[in-house]
Amino acid sequence: GIVIREFGDEYSSAEIKESVWNFAYQQIGTFLVVFKQAKPIDIPDLIEDFFRMMSDIIMFFVTNFVLSDILGSTFEVALLALDIEKFEPLIATLHFLIDLVSWGFDVPPISIYENVPEDVKLTVQRFVGQHGDSLLKHVLHGLIFKFPADAHPDASDLLGKTLRLSPSPQIAVNWINIALDALPQN
C-alpha cells in the first residue's frame with residue numbers, strides 16, 4: 001500500500017506508475033492464490049491488509065484495476081470476506097466495495113480526479129448490474145445477522161449506492177426480493 005500511495009499519484013512519471021501498477025497487479029494475484037488455499041477466518045489480518053491496499057489501488061489505478069481481468073476475482077473475495085466477524089477486515093472490505101461502486105456514478109469519489117473516466121463508469125455500472133443481487137444479499141445478511149453496530153453505517157452506504165446504481169428501479173426491487181428470500185426462515 002505504501003508503494004502504491006507514494007508512487008501512484010499524479011506526480012510520478014508514466015514509467016514509474018506503470019511499474020507500480022505491475023507490482024500491484026502481482027500482489028493482487030499472489031493474494032488471490034493465498035486466499036484460495038486458506039480459510040478466510042484463518043487470515044483476517046491478510047484480508048484487512050489486502051483490502052486496504054485495494055482501496056489505494058482503486059484510488060490511484062482505478063482504470064487499470066476496473067478494466068483488468070482481476071475485477072471479478074477480487075469482488076468474489078470481497079463477498080467471502082464479508083462473512084468474517086472481525087471488525088477491521090470487515091470495514092476494510094466494506095470501504096473497498098463502497099469505493100468500487102462509487103466509480104459507477106458521474107462524480108468521482110475522490111477529489112484528485114475531475115471526472116470519472118467513461119469506460120470506468122460504464123464498466124462499474126455493468127458489473128454492478130450483473131452482481132448487484134449477490135452484493136445486496138451478502139450485505140443485507142451481514143447487517144441483520146453478523147455485522148457489528150459500528151459497521152452498519154458503512155454497510156448501509158454500500159446498500160444505498162448499490163441500489164442507486166441498479167439498471168432500473170424494477171431490478172433494484174428484484175435484488176431486494178432476492179436478498180430477502182435468501183434470509184434464513186427461522
Side-chain angles (χ1 to χ4, degrees), residues 1-105 108-110 112-113 116-132 134-135 138-139 142 151 154-155 157-158 161-162 165:
I2 291 170
V3 170
I4 294 161
R5 281 189 303 274
E6 205 53 42
F7 298 105
D9 62 20
E10 67 272 15
Y11 303 112
S12 295
S13 70
E15 286 177 342
I16 290 175
K17 285 184 82 160
E18 182 65 25
S19 294
V20 172
W21 166 247
N22 290 332
F23 168 76
Y25 185 88
Q26 180 183 10
Q27 294 300 304
I28 294 167
T30 300
F31 176 80
L32 293 174
V33 168
V34 168
F35 188 84
K36 286 180 182 176
Q37 296 171 353
K39 294 178 184 171
I41 196 159
D42 293 337
I43 56 169
D45 294 340
L46 286 177
I47 291 170
E48 177 186 356
D49 290 344
F50 176 72
F51 282 110
R52 289 191 190 285
M53 179 187 76
M54 289 308 302
S55 288
D56 293 331
I57 288 171
I58 209 163
M59 179 185 310
F60 294 110
F61 296 98
V62 66
T63 301
N64 299 67
F65 173 70
V66 167
L67 301 180
S68 76
D69 60 342
I70 52 178
L71 172 62
S73 299
T74 305
F75 179 77
E76 289 173 20
V77 168
L79 292 182
L80 293 172
L82 292 176
D83 287 336
I84 295 176
E85 295 185 24
K86 194 170 177 191
F87 183 74
E88 292 81 9
L90 172 64
I91 288 297
T93 305
L94 285 170
H95 287 175
F96 163 74
L97 288 167
I98 290 166
D99 291 344
L100 175 62
V101 171
S102 295
W103 284 100
F105 295 102
I110 55 173
I112 62 173
Y113 291 89
V116 176
E118 195 65 22
D119 52 351
V120 168
K121 180 172 72 172
L122 293 175
T123 301
V124 170
Q125 288 174 350
R126 202 169 31 254
F127 190 82
V128 171
Q130 294 168 348
H131 302 283
S134 262
L135 182 55
H138 280 82
V139 175
D154 291 315
D157 183 27
L158 179 56
K161 286 181 176 176
T162 303
L165 210 56

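The aromatic rings of Phe51 and Phe96 sit tilted relative to each other, their planes meeting at an angle between 30° and 60°.
Contact of the Ser134 side chain with the Leu79 side chain is registered, since non-hydrogen atoms from C-beta on lie closer than 4.5 Å. A heavy-atom distance below 4.5 Å is not found between the side chains of Phe35 and Thr74. For the pair Lys17 and Phe61, the minimum side-chain heavy-atom distance is below 4.5 Å. Inter-residue side-chain proximity for Glu18 and Asn22 is flagged as met; some heavy-atom pair is nearer than 4.5 Å. Using a 4.5 Å heavy-atom cutoff, the side chains of Val116 and Phe105 are not in contact. Contact check for Val120 versus Thr63: side-chain heavy atoms found under the 4.5 Å cut-off. With contacts defined as side-chain heavy-atom distances shorter than 4.5 Å, the pair Phe60/Val20 does not qualify. The closest side-chain heavy-atom distance from Asp45 to Glu88 is not below 4.5 Å.
Atoms NE2 and NE2, on His131 and His138 in that order, are 12.5 Å from each other to the nearest 0.5 Å. Atom CG of Leu165 sits about 13.5 Å away from atom CH2 of Trp103, to the nearest 0.5 Å. Interatomic distance, Ile28 CD1 to Phe23 CZ, rounded to the nearest 0.5 Å: 10.5 Å. The CE atom of Met59 lies 14.0 Å from the CZ atom of Phe65; values are rounded to the nearest 0.5 Å. Taking CG of Leu32 as the reference point, atom CD1 of Ile70 lies at 7.0 Å (rounded to 0.5 Å).
Annotation for Asp99 and Ser55: closest pair OD2-OG, 3.6 Å, computed over non-hydrogen atoms. Here the closest heavy-atom approach between residue Gln125 and residue Gly104 is recorded as NE2-O, 2.8 Å. When all heavy atoms are compared, the tightest approach of Ala24 to Ile57 is CB-CD1, 3.7 Å. The minimum heavy-atom distance linking Pro89 with Ile84 is given by the pair CG-CG2, 4.4 Å. Nearest heavy atom pair, residue Leu100 against residue Ile58, reads CA-CD1, 3.5 Å. When every heavy atom of Val66 is checked against every heavy atom of Leu71, the shortest pair comes out as O-CD2, 3.5 Å.
A salt bridge links Lys161 with Asp157: the closest approach of a Lys/Arg side-chain nitrogen to an acidic carboxylate oxygen falls below 4.0 angstrom.
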Just do the side-chain contact (heavy atoms from CB on, under 4.5 Å) check on Tyr25 and Asp69 with the steps written out, would you?
CA-CA 10 Å; Tyr25 185 88; Asp69 60 342; 2.6 Å; yes
Please walk me through it: do Val128 and Leu135 pass side-chain contact (heavy atoms from CB on, under 4.5 Å)?
CA-CA 8 Å; Val128 171; Leu135 182 55; 5.7 Å; no
Should Leu80 and Ile47 be marked as a side-chain contact (heavy atoms from CB on, under 4.5 Å) after you check the CA-CA gap, both sets of side-chain angles, and the distance that decides it?
CA-CA 10 Å; Leu80 293 172; Ile47 291 170; over 6 Å; no
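Within a 6.0 Å radius of CD1 in Ile41, no more than 12 heavy atoms belonging to other residues, nucleotides or ligands are found.
For Asp49, there are no side chain to side chain donor-acceptor pair (under 3.5 Å) partners, not counting sequence neighbours.
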